[in-house]
Amino acid sequence: MCGWMGGVAFAHLTMGGNDIAQGRFLNEDLFFMTARSHLPPPRPPMVSGLGEARQSRIDPSILQDETGTWVAQLAVPQAQHSWSDDRAFLVDVGTGSRASAKPSPDGGWVAYQSGPVRLWDAVEDVILTWQEAGRPHQSEFGLTATPDEQWVWLGDPSGPRWYLPA
């Protein structure tokens, strides 16, 4: 699994009954060259401070961590991200949604969001779930795929889950 935010993990799936494949992500960090058809669309310029502002519940530097980036893209699989100086940017070209975060003069971080998909809200939720679980490696996550849908779960198949485009 390689998202447009750059997080990569490989899962070993076993085919079960009812056309369901399921398994865990591997402990090894493997990388591969992305096929052209899987590359993200051209990204518009990243602009800070667009949309509604509020205090961020997370430190956006987590998006510079390899596992943190992988976890974040579970919530926003169509998003791309960038980091410049002390600012984080997210953009979903398909919906036009944007988010950015920068240091707040009062301490912490201020997040801005615009568009129909609340990118920063979704990233915060998944990052907080991951942190509450002790910040596990990707190998503590699993993947289930059916003919109609696919999702990543944390811990075991009944744990928290995030649906991916099928």
Side-chain angles (χ1 to χ4, degrees), residues 1-11 25 29 31-32 34-35 37-104 108-133 135-146 148-155 157 159-166:
M1 187 177 106
C2 178
W4 289 347
M5 290 176 67
V8 178
F10 282 84
F25 287 91
D29 293 326
F31 298 92
F32 62 94
T34 304
S37 62
H38 298 151
L39 292 174
R43 186 178 71 196
M46 296 295 194
V47 180
S48 181
L50 294 177
E52 176 186 320
R54 65 166 178 77
Q55 277 299 120
S56 177
R57 297 180 289 154
I58 63 168
D59 180 337
S61 68
I62 196 71
L63 298 179
Q64 294 176 314
D65 174 85
E66 188 175 304
T67 303
T69 299
W70 184 82
V71 169
Q73 74 189 13
L74 295 175
V76 290
Q78 310 311 97
Q80 299 174 58
H81 88 294
S82 180
W83 188 270
S84 175
D85 297 322
D86 58 357
R87 297 166 196 254
F89 301 91
L90 297 170
V91 63
D92 179 339
V93 175
T95 66
S97 300
R98 291 175 175 261
S100 65
K102 67 178 187 175
S104 172
W109 297 85
V110 62
Y112 299 86
Q113 298 184 90
S114 64
V117 178
R118 308 307 283 176
L119 298 172
W120 200 256
D121 291 349
V123 166
E124 283 178 329
D125 290 344
V126 72
I127 291 293
L128 290 171
T129 299
W130 172 64
Q131 289 175 332
E132 289 167 7
R135 297 172 63 127
H137 184 266
Q138 290 104 312
S139 58
E140 295 297 318
F141 290 79
L143 175 66
T144 299
T146 72
D148 300 317
E149 58 188 359
Q150 55 189 357
W151 63 92
V152 173
W153 38 266
L154 174 58
R161 64 176 60 176
W162 299 272
Y163 288 87
L164 303 173

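Each of Leu119, Asp92, Val93, Val117 was checked for a side chain to side chain contact (heavy atoms under 4.5 Å, CB included) with Gln78, and the lone residue meeting it is Asp92.
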Full working for side-chain contact (heavy atoms from CB on, under 4.5 Å) between Leu128 and Arg57: CA-CA 8 Å; Leu128 290 171; Arg57 297 180 289 154; 3.4 Å; yes
Apply side-chain contact (heavy atoms from CB on, under 4.5 Å) to residues Val71 and Ile62 and explain how you reach the verdict. CA-CA 10 Å; Val71 169; Ile62 196 71; over 6 Å; no
Thr129 vs Trp162, side-chain contact (heavy atoms from CB on, under 4.5 Å): CA-CA, chis, key distance, verdict: CA-CA 11 Å; Thr129 299; Trp162 299 272; 4.0 Å; yes
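Using a 4.5 Å heavy-atom threshold, the side chains of Thr146 and Trp151 count as touching. Side-chain atoms of Asp121 and Arg54, non-hydrogen and from C-beta on, do get closer than 4.5 Å to each other.
The OH atom of Tyr112 lies 15.0 Å from the CZ atom of Arg98; values are rounded to the nearest 0.5 Å. Put simply, CD on Gln64 and NE2 on His81 are 7.5 Å apart, with the number rounded to the nearest 0.5 Å. Residue Thr69 holds its OG1 atom at 11.0 Å from CG of Leu74, rounded to the nearest 0.5 Å.
Here the closest heavy-atom approach between residue Val126 and residue Ala72 is recorded as CG1-CA, 3.8 Å. Between Val152 and Leu164, the shortest heavy-atom distance links the atoms CG2-CD1, 3.6 Å. When all heavy atoms of Pro60 and Ala101 are compared, the closest pair comes out as CG-CB, 3.8 Å. Heavy-atom minimum distance, Pro136 versus Ala133: CD-O, 3.8 Å. The heavy-atom pair separating Ser84 from Phe89 by the smallest distance is CB-CE1, 3.9 Å. Taking every heavy atom of both residues into account, Val110 and Pro103 meet most closely at CG1-O, 4.3 Å.
The ring pair (Phe, Tyr, Trp, His ring centres under 6.0 Å) check on Phe25 picks up Trp70, with sequence neighbours excluded.
Between Glu149 and Arg161, no side-chain nitrogen of the basic residue sits less than 4.0 Å from a carboxylate oxygen of the acidic one, so the salt-bridge criterion is not met. In summary, Arg118 and Glu52 engage in a salt bridge, as defined by a charged side-chain N under 4.0 Å from a carboxylate O.
Under the 3.5 Å distance criterion, the side-chain polar atoms of Gln55 are matched with a main-chain donor or acceptor of Trp109. Checking side-chain atoms of Gln113 against main-chain N and O of Trp120 turns up a donor-acceptor pair under 3.5 Å. No side-chain donor-acceptor contact under 3.5 Å links Gln138 to the backbone of Ala9. Judged by distance alone, with hydrogens and angles left aside, the side-chain atoms of Trp130 form no donor-acceptor pair with the main-chain N or O of Glu132 at under 3.5 Å.
A side-chain donor from one of Asp59 and Ser61 sits under 3.5 Å from a side-chain acceptor of the other.
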